[in-house]
Every structure is written in C-alpha cells, then in structure tokens.
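Everything numeric in this text was worked out from a predicted model, so none of it was measured.
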Amino acid sequence: MQWYFVASLLTVLTSSQGILTTLSQSNGKYTYDYATVPFLAEVFKLAVSSFLLWRECRASPSTRMTTDWKTVRLYPIPSIIYLIHNNVQFATLVFVDTSTYQIMGNLKIVTTGILFRLFLKRKLSNLQWMAIVLLAVGTTTSQVKGCGEASCDSLFSAPLQGYMLGILSACLSALAGVYTEFLMKKNNDSLYWQNVQLYTFGAIFNMARLLLDDFRGGFENGPWWQRLFNGYTITTWLVVLNLGSTGLLVSWLMKYADNIVKVYSTSMAMLLTMLLSVYLFNFKPTLQLFLGITICMMSLHMYFAPPTMLVDIPATVKTAPENLKEVTVDRKTDS
C-alpha cells in the first residue's frame with residue numbers, strides 16, 4: 001500500500017471527523033457522554049489490531065513479536081503524554097479564547113519538524129524547512145478572521161500564561177507523535193503487535209479517565225459502564241468508527257512513512273473541513289481561507305516534489321576539446 005494513498009484517506013477521514021461530531025449533536029448539545037467516544041475508539045482499534053495480528057500469525061508463524069518488559073514498558077508513554085496534553089489544552093482555554101487557541105495550535109507543525117530533526121535525527125533540506133514554515137503560515141492564515149471582528153483584537157490580548165501553555169501544548173503534541181514514530185520504527189516487530197500494545201494502554205487510560213470523572217461527579221449519573229451507550233445514534237457510532245479508523249491509519253504512517261506526512265494530512269484535512277462546511281453549514285468563505293489553501297498547496301509541492309522540479313539546475317555536459325588528438329606511444333623494452 002502506497003503512503004500517499006493512506007495519507008489521502010487520512011485527510012478525508014480527519015476532515016469528516018469534525019463534521020460528523022457536529023452532526024451528532026441534538027439542538028447544539030451532546031445527548032451522549034463525549035468522554036466515552038475515545039474509549040470506544042480505542043477498543044475498536046484494539047479489536048481490529050488483535051484480529052489482524054491473529055490472521056498474520058496464522059499465515060506466518062514466524063511473525064516477530066518482542067515481549068520483553070524493557071520494550072513493552074515503553075508503550076504506555078504516548079498515552080501518558082496525550083493525557084498531560086489534554087489537561088494542558090483545558091488549562092490553555094482558561095486564558096485564551098477558542099480562535100486564539102486554534103491559531104496557536106498550528107505551532108505543532110513547526111515543533112514537530114524540530115523534534116523530528118532532534119530526536120529521530122532525520123535531516124531536512126532548506127526547502128523542506130521552508131515548506132513546513134509555509135504550512136504553518138497557510139493554516140494560520142486560513143483561520144484568521146477579518147480584522148474588524150472581535151477575534152482579531154483578542155489574538156494578542158491574552159495573558160502570558162495562555163501563550164506559554166499554548167506553546168507547551170504544541171510541544172507535547174509533537175513529542176507524542178515523534179515518540180510514537182520512534183516506537184514503531186524501533187524494531188521490526190509486526191505493526192499489528194505494536195498496535196495491540198499501544199491501544200491496550202490507550203483503552204486503560206481512557207477507562208481511568210471515565211472513572212475519575214465519576215469520582216469527581218460523586219457517581220451522580222451512575223458508573224460509566226451503565227451509561228456507556230446512552231444517547232448513542234447511528235451518527236455517534238460513525239464518529240467512533242471514524243476516530244478509530246483514523247488512529248489505525250496514523251499508526252500505519254508512523255511505521256512506513258513519518259510524522260511530517262501525518263502533519264500534512266491533518267493540516268489539509270482542516271482546510272478540507274472548511275470547504276465542506278461552506279456547503280453543509282452555510283459557512284461563508286473568506287479571502288483568508290483561499291489564501292491559506294493556496295499557501296498550503298505551495299508548501300505541499302515544495303516539501304514532496306523533487307528538487308529538480310523546484311530549481312532550474314543547468315545541465316553541464318563535458319565535451320572533449322577538438323584540438324586534442326589521441327596519441328599512442330609504443331614502449332619498447334630492451335631484452
């Protein structure tokens with residue numbers, strides 16, 4: 001399977017995630033406990049990965065699976081980083097508004113490139129660095145509203161704590177992605193075995209969050225397992241399946257491509273969501289949106305196109321001078 005096909009599919013699924021989540025609301029509110037969606041998505045990913053691992057083991061008994069504790073203990077770390085990241089997100093929204101938070105979230109594009117270089121030792125060309133910065137600029141441009149609107153004034157009026165937490169959130173998001181790629185490429189283990197380990201811990205941590213929410217609420221609505229499917233509709237189940245499928249595609253990209261491909265997929269998905277919202281939710285397109293899309297497409301071309309397509313390199317052909325003639329010398333040796 002080619003990486004660009006997986007990346008394109010990830011873009012489509014990621015863009016539909018926000019649309020499906022919006023459609024799952026009733027009168028602007030969720031009729032279900034939204035915290036159960038990530039848990040069920042982790043269970044779905046674990047079930048699919050377990051089935052694919054079982055099928056792979058039947059087809060090839062020599063399937064590689066590292067089971068020593070020194071390797072297995074590394075797999076809870078991405079879940080821990082994401083858990084911290086989620087709490088930092090909530091803390092950031094205390095100090096900044098939603099528009100400012102979305103714009104600052106684009107910093108993860110640059111921080112991913114930096115950590116990608118520092119921790120994975122992957123060298124990027126100058127053109128690729130420029131492309132990554134352009135991608136961040138393009139996504140930010142598409143999100144900036146008109147300067148006559150209130151959000152423009154609030155962009156630079158947040159307290160310092162909000163900006164610091166926003167930068168920390170971007171770094172944690174990039175760190176989780178880069179570390180996951182490190183795990184997936186650390187050895188030649190089966191992708192499905194690695195997924196089983198990742199999603200087992202993911203399900204455990206999401207279950208712990210549900211329990212913590214129950215304790216905080218004093219079990220007012222009963223334990224989480226009794227209301228797990230309360231308010232679920234077909235659209236809600238599509239949200240769960242979409243989120244789970246997206247996670248499986250991301251793990252494939254981490255194993256066989258890299259974090260930068262994932263960043264481009266998710267960034268393009270955001271722009272695709274905006275375009276689809278024009279038809280689905282009467283979203284009014286802005287000049288900033290079209291400028292942002294143009295910049296992002298330029299960035300995409302700059303990063304993945306061969307350098308010969310971006311820079312005109314003059315062809316240098318060496319020709320033999322006409323005034324030189326071959327001279328043969330017969331060497332005679334005295335016998």
Side-chain angles (χ1 to χ4, degrees), residues 1-14 16-17 20-21 24 32-69 71-80 82-83 176-177 179-210 224-225 228-229 232-259 261-262 265-266 269:
M1 189 182 298
Q2 298 293 334
W3 67 263
Y4 48 80
F5 172 77
V6 177
S8 301
L9 186 57
L10 176 61
T11 299
V12 174
L13 289 180
T14 305
S16 60
Q17 182 67 35
L20 287 173
T21 303
S24 70
Y32 57 93
D33 185 358
Y34 188 72
T36 61
V37 172
F39 170 72
L40 291 174
E42 292 295 321
V43 173
F44 169 75
K45 291 186 287 185
L46 178 59
V48 172
S49 299
S50 299
F51 171 75
L52 293 175
L53 177 62
W54 170 77
R55 195 176 69 170
E56 185 180 33
C57 290
R58 286 191 61 186
S60 175
S62 60
T63 300
R64 177 160 179 168
M65 294 185 292
T66 304
T67 57
D68 65 280
W69 173 243
T71 301
V72 175
R73 69 182 180 181
L74 300 176
Y75 282 83
I77 295 178
S79 298
I80 295 173
Y82 279 120
L83 181 64
Y179 184 82
T180 302
E181 182 179 345
F182 163 75
L183 277 183
M184 303 303 279
K185 294 178 177 175
K186 183 175 182 292
N187 51 40
N188 293 323
D189 279 3
S190 165
L191 168 65
Y192 308 126
W193 167 240
Q194 292 176 317
N195 281 346
V196 166
Q197 297 174 86
L198 277 175
Y199 302 142
T200 297
F201 290 110
I204 291 173
F205 277 96
N206 276 278
M207 186 188 303
R209 182 202 168 181
L210 290 171
W224 63 270
W225 57 85
L228 184 60
F229 305 118
Y232 268 58
T233 62
I234 295 178
T235 308
T236 312
W237 281 111
L238 288 176
V239 173
V240 173
L241 294 177
N242 185 290
L243 185 60
S245 301
T246 299
L248 291 171
L249 291 176
V250 168
S251 69
W252 192 96
L253 286 178
M254 294 296 187
K255 182 75 170 178
Y256 300 111
D258 55 47
N259 259 283
V261 175
K262 187 204 80 170
S265 295
T266 52

Sequence neighbours left out, what passes salt bridge (charged side-chain N to carboxylate O under 4.0 Å, His left out) with K185? Give chain and number order.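 If we apply the salt bridge (charged side-chain N to carboxylate O under 4.0 Å, His left out) test to K185, skipping adjacent residues, the hits are E181.
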Can you tell me how far the OG1 atom of T67 sits from the CD atom of Q197, to the nearest 0.5 Å?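 T67 OG1 to Q197 CD: 9.0 Å, rounded to 0.5 Å.
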As an exercise, state the distance from CG of L191 to NZ of K255, rounded to the nearest 0.5 Å.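 Here the rounded value is 6.5 Å.
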Aromatic ring centroids of Y32 and W237 under 6.0 Å?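 Not under 6.0 Å, so no.
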Please tell me whether Q17 and T246 have a donor and an acceptor in their side chains that are separated by less than 3.5 angstrom.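 No - no donor-acceptor pair under 3.5 Å links their side chains.
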Donor on one side chain, acceptor on other, S16 and N242, under 3.5 Å: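 Their side chains do contain a donor-acceptor pair, which is all the 3.5 Å distance test asks for.
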What heavy-atom pair brings S265 and T11 nearest, and what distance separates the two atoms?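 That closest heavy-atom pairing would be O-OG1, 3.2 Å.
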Flag the pair [X] / [Y] as yes when at least one side-chain heavy-atom distance between them is below 4.5 Å, and no otherwise.
{"X": "Q194", "Y": "L183", "result": "no"}
{"X": "T63", "Y": "W193", "result": "no"}
{"X": "T36", "Y": "W224", "result": "no"}
{"X": "Y232", "Y": "L40", "result": "yes"}
{"X": "F201", "Y": "I77", "result": "no"}
{"X": "N195", "Y": "W252", "result": "no"}

Does R64 have more than 12 heavy atoms from other residues, nucleotides or ligands lying within 6.0 Å of its CZ?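 Enclosed: over 12 neighbouring heavy atoms sit under 6.0 Å from CZ of R64.
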Can you say whether the rings of Y179 and F182 are parallel (under 30°), tilted (30 to 60°) or perpendicular (over 60°)?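 Ring orientation of Y179 relative to F182: tilted.
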Extract all donor-acceptor atom pairs below 3.5 Å that involve side chains of residues 41-54 and protein atoms in other chains or at least two apart in sequence.
residue, atom, partner, partner atom, Å
E42, OE2, K45, NZ, 2.9
S49, OG, K45, O, 2.8
S50, OG, L46, O, 2.7

